Amino acid sequence: METSVKRESLAIAKGLNVVLMLFVAVLLVLSMLLGSALAYVSVHKETILIPPTLTQAVTISETKVDGAYLAQMGRYFIWLKMNVSPESVVEQYAQILKYVNANTYHTIEPQFAQEANFIKSQKISSSFFIEKSQVDIKDLIVRFSGTLKKYALGTALPDKYVNYELHFAYNTGRLTLLSMVKSTVR
């Protein structure tokens, strides 16, 4: 009798172990599915933004930016940088500096401060008329070409054809400006 009770107890324990193992396996599969779903959502999450002066909705994700967003942010920064007066230059440059990458801020900020002081002391006003733009999504570069009109101390200076390259970085859904490089080559 004692042996049969032990056998029954052993059979029940084995059955319970099988049920528990199945339960653990189901929980493991569910955890893996939830983890995969969370990873998918975090990578493919998109945000639609319309920041200042943008003319159309754009789509960004945690890992990439679309060409329209890059082009419009480039236009915004070039407008802030090139369409200045002694009264507006400090505020406009401060807007750009909010987007400057931490790795290049230490070089851009002093340059902007020096330019702003020069613009204010010489009473320079300028306007930039974009004639051509090009977006390189792969390298996150926006190129602008156009005519720069300047006035210094109330006198019109000769128009210049200039090219600007804006280099960006994009990390975890945040676009930052690395540099604004000017060239006078036609």
Side-chain angles (χ1 to χ4, degrees), residues 31-85 87-116 119 125-150 159-186:
S31 293
M32 291 174 69
L33 284 173
L34 286 174
S36 299
L38 183 61
Y40 178 83
V41 167
S42 69
V43 169
H44 293 89
K45 177 178 65 173
E46 292 183 344
T47 308
I48 297 176
L49 302 173
I50 303 183
T53 72
L54 294 184
T55 57
Q56 66 184 19
V58 295
T59 304
I60 63 171
S61 72
E62 291 288 317
T63 56
K64 65 181 179 177
V65 61
D66 74 356
Y69 182 62
L70 203 56
Q72 290 186 63
M73 289 305 288
R75 279 185 181 274
Y76 177 60
F77 293 135
I78 203 75
W79 181 86
L80 287 171
K81 174 92 166 75
M82 303 303 294
N83 295 294
V84 295
S85 68
E87 296 79 23
S88 68
V89 67
V90 172
E91 185 178 321
Q92 287 180 217
Y93 282 14
Q95 282 292 322
I96 297 170
L97 289 172
K98 290 179 183 177
Y99 290 89
V100 171
N101 189 287
N103 295 331
T104 58
Y105 189 90
H106 68 281
T107 58
I108 294 175
E109 192 276 332
Q111 175 190 346
F112 275 16
Q114 183 180 10
E115 286 179 23
I119 288 168
S125 295
S126 67
S127 296
F128 183 59
F129 299 93
I130 298 171
E131 296 169 18
K132 188 170 93 172
S133 65
Q134 178 186 9
V135 177
D136 180 349
I137 296 172
K138 182 181 170 240
D139 293 324
L140 298 177
I141 298 172
V142 183
R143 294 176 183 88
F144 294 102
S145 300
T147 303
L148 177 64
K149 296 183 179 283
K150 278 190 175 182
D159 293 351
K160 281 186 188 175
Y161 188 84
V162 294
N163 299 304
Y164 261 89
E165 268 191 16
L166 282 70
H167 296 252
F168 294 95
Y170 191 72
N171 191 12
T172 61
R174 180 161 162 70
L175 184 71
T176 57
L177 182 64
L178 293 172
S179 66
M180 297 179 90
V181 182
K182 176 184 168 186
S183 167
T184 54
V185 179
R186 182 64 111 157

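For the single chain, residues carry numbers from 1 onward in sequence order. Given the structure is predicted, the values throughout are model-derived calculations rather than measurements.
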Exercise. What is the distance from atom CG of Leu140 to atom CG of Leu177, rounded to the nearest 0.5 Å?
Worked result: 11.5 Å

For this session: Check whether any side-chain N or O of Glu115 sits under 3.5 Å from a backbone N or O of Val89 as a donor-acceptor pair, and report yes or no.
Result: no

For this session: For the pair Asp139 (side chain) and Ile141 (backbone), establish whether a donor and an acceptor sit closer than 3.5 Å, ignoring hydrogens and angles.
Result: no

Problem set entry | side chain to side chain contact (heavy atoms under 4.5 Å, CB included) evaluation trace for Phe168 with Leu178 | CA-CA 5 Å; Phe168 294 95; Leu178 293 172; 5.8 Å; no

Exercise. Above 12 or not: heavy atoms from other molecules or residues under 6.0 Å from NZ of Lys150?
Worked result: no

For this session: Name all residues meeting the ring pair (Phe, Tyr, Trp, His ring centres under 6.0 Å) criterion together with Tyr164; count only those two or more places apart in sequence or in a different chain, and write none if there are none.
Result: none

Exercise. Between Asn163 (side chain) and Arg143 (backbone), is there a donor-acceptor pair under 3.5 Å?
Worked result: no

For this session: Output the distance between atom OG (Ser125) and atom CD (Glu87), rounded to the nearest 0.5 Å.
Result: 7.0 Å

Exercise. Minimum heavy-atom separation for Leu166 to Phe77, with atom names?
Worked result: CD2-CB, 3.8 Å

Seminar exercise, completed: Looking only at heavy atoms, the pair that brings Met180 and Lys81 closest together is CE-CB, 3.6 Å

For this session: Taking atom CD of Gln111 as the centre, report whether more than 12 heavy atoms of other residues, nucleotides or ligands fall under 6.0 Å from it.
Result: yes

Problem set entry | Polar side-chain atom of Ser126 near backbone of Met82 as donor-acceptor pair, under 3.5 Å | yes

Exercise. What is the distance from atom CD1 of Ile130 to atom CZ of Phe144, rounded to the nearest 0.5 Å?
Worked result: 5.0 Å

For this session: Write down the atom of Val181, the atom of Ser179, and the distance for their closest heavy-atom approach.
Result: CG2-OG, 3.8 Å

Problem set entry | Side chains of Ser88 and Ser85, donor plus acceptor under 3.5 Å | yes

For this session: Take Tyr105 and Leu97 through the side chain to side chain contact (heavy atoms under 4.5 Å, CB included) test and state the conclusion after the steps.
Result: CA-CA 8 Å; Tyr105 189 90; Leu97 289 172; 3.9 Å; yes

For this session: Take Ser145 and Glu131, measure what side chain to side chain contact (heavy atoms under 4.5 Å, CB included) needs, and give me the verdict at the end.
Result: CA-CA 6 Å; Ser145 300; Glu131 296 169 18; 5.6 Å; no

Problem set entry | Atom of Asn103, atom of His106 and distance for their closest heavy-atom approach | O-CE1, 3.0 Å

Seminar exercise, completed: Smallest heavy-atom separation, Ala71 atom then Val135 atom, equals CB-CG2, 3.5 Å

For this session: Run the numbers on Gln95 and Tyr76 for side chain to side chain contact (heavy atoms under 4.5 Å, CB included), then give the verdict.
Result: CA-CA 10 Å; Gln95 282 292 322; Tyr76 177 60; 3.5 Å; yes

For this session: To the nearest 0.5 angstrom, please state how far the CG atom of Leu33 sits from the CG atom of Leu38.
Result: 12.5 Å

